[in-house]
Amino acid sequence: MTNLPHIQVFALGGTIAMASDNTSDANAGAVPNLDAEALVKAVPELAEIADITAKTLAVAASANLNYSKISDLCKQVEAGSADGYVITQGTDTLEESAFLASLIYQGDQPLIFTGAMRTPSQLSADGPSNLYNAVLTACALEGGVYVVMNGDIHDPWHVRKGHTSDVSSFTSGEVGPVGYLVEGAVHLRTHEQQAPLEPLGSNQPKPVALLTASLGDDARLLEQVIGAGYKGLVIEAFGAGHLSEAWADAVETIAQDIPVILCSRCQNGTVFERTYGYKGAEIDLMSRGLVPAGQIKSRKARLLLSVLLADEQQDWHARFLAIKASF
Ligand code: SIN
């Protein structure tokens, strides 16, 4: 027993936990195979800042994570007694896992997501420093869900992976990170995190499709959404929230059955509501039942809608608008 804070590390896999399984084939490629104990053991400096316990929840590529994995993780954290929690996982879906956790996690302890852009055996592997910084952040903060990558602290509502290989791949767009780490100290600027949604109980999130508009597409995939059993749809539209006339007609039919959220393909900016009036522009799409997402980006809007639809007694529309207004 030490006087150091108790930090629990939960490992879910990802590049931070990847090495080649095949010693006889140099081209076999990296696969997830390191457990939580191995990740912690590789950073002996952690013992100087925290009393660490480590548990492996999955040894997976992050493309295979899903709602139930993140929900189980949040339940384990809520039932735990550590001072803070660090989750290691693949970077491919890290922004979505952290965002989902920020919607459903009801606990008071900090929940810090991290990963790595380089495997442990690559030159200048970033996993050890990211893990160290995530543990430092979990020690320093009093609560909240954050992403720590490359010395920056991000709010899950804003963070995104923007580069396939750069260690500075994670950014928070126009708003920037909420903090950073330097010389072993955590610097967090004053900001307000969104509160989690009400606990879901036994309700399950509903399947929501995400489709991106592209030049000349005739909307034939869009027409499959209802038949495929989706309960909601998020559209990544052109620019400020614009679709072709063919897509406008197709989404109007869909919006008569299920919620359709209007997002943008653009990385930054807000979806418009009152500027363009041609067929397929935002004013026309809103009159056809689409709900503009404001600044909420498409992948996050999809998870948000999916969770809001879980409780069929609740008015998803009113709640979506309230969240959008507070964001
Ligand atoms: C993954 O997301 O599991 C693979 C890629 C990564 O971790 O950077």
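Every heavy atom of this structure was used, including side-chain atoms; hydrogens, water molecules and symmetry mates were not. For ligands, and for the atoms within them, numbers begin at 1 and follow the listed sequence.
Of the protein's non-hydrogen atoms, Thr91 OG1, 2.5 Å is the one closest to atom 8 (O) of ligand 1. Ranking protein heavy atoms by distance to atom 3 (O) of ligand 1, first place goes to Ser62 N, 2.7 Å.
Taking every non-hydrogen atom of Asp92 and a distance limit under 4.0 Å, the qualifying atoms of ligand 1 come out as 1 (C), 2 (O), 4 (C), 5 (C). Set against the non-hydrogen atoms of Ala61, the atoms of ligand 1 under 4.0 Å away are 3 (O). Within ligand 1, counting atoms from 1 as listed, the ones closer than 4.0 Å to a heavy atom of Met18 are 3 (O), 4 (C). When each atom of ligand 1 is checked for a heavy atom of Gly14 under 4.0 Å away, the hits are 3 (O), 7 (O). Set against the non-hydrogen atoms of Thr15, the atoms of ligand 1 under 4.0 Å away are 4 (C), 5 (C), 6 (C), 7 (O), 8 (O).
Considering backbone and side-chain atoms together, Gln89 places no N or O closer than 3.5 Å to any N or O of ligand 1. Taking any N or O of Thr93, backbone or side chain, none lies under 3.5 Å from an N or O belonging to ligand 1.
Judged by distance alone, the side chains of Lys206 and Ser306 never bring a donor and an acceptor atom under 3.5 Å apart. A donor-acceptor pair shorter than 3.5 Å can be found between the side chains of Ser97 and Gln89.
In this structure, Ala116 is part of the shell of residues with a heavy atom less than 4.0 angstrom from ligand 1.
Below 30°, between 30° and 60°, or above 60°: for Trp157 and Phe99 the angle between ring planes is above 60°, a perpendicular geometry. Under the 30°/60° scheme for interplanar angles, the aromatic rings of Tyr146 and His191 are found to stand perpendicular. Using bins of under 30°, 30° to 60° and over 60° for the plane-to-plane angle, the ring pair His187/Tyr180 lands in the parallel bin.
When side chains are defined from C-beta on, Gln193 counts as touching Asp155, because their heavy atoms get closer than 4.5 Å.
Classification of Glu252 and Lys279 as a salt-bridged pair fails, no side-chain N sitting under 4.0 Å from a carboxylate O.
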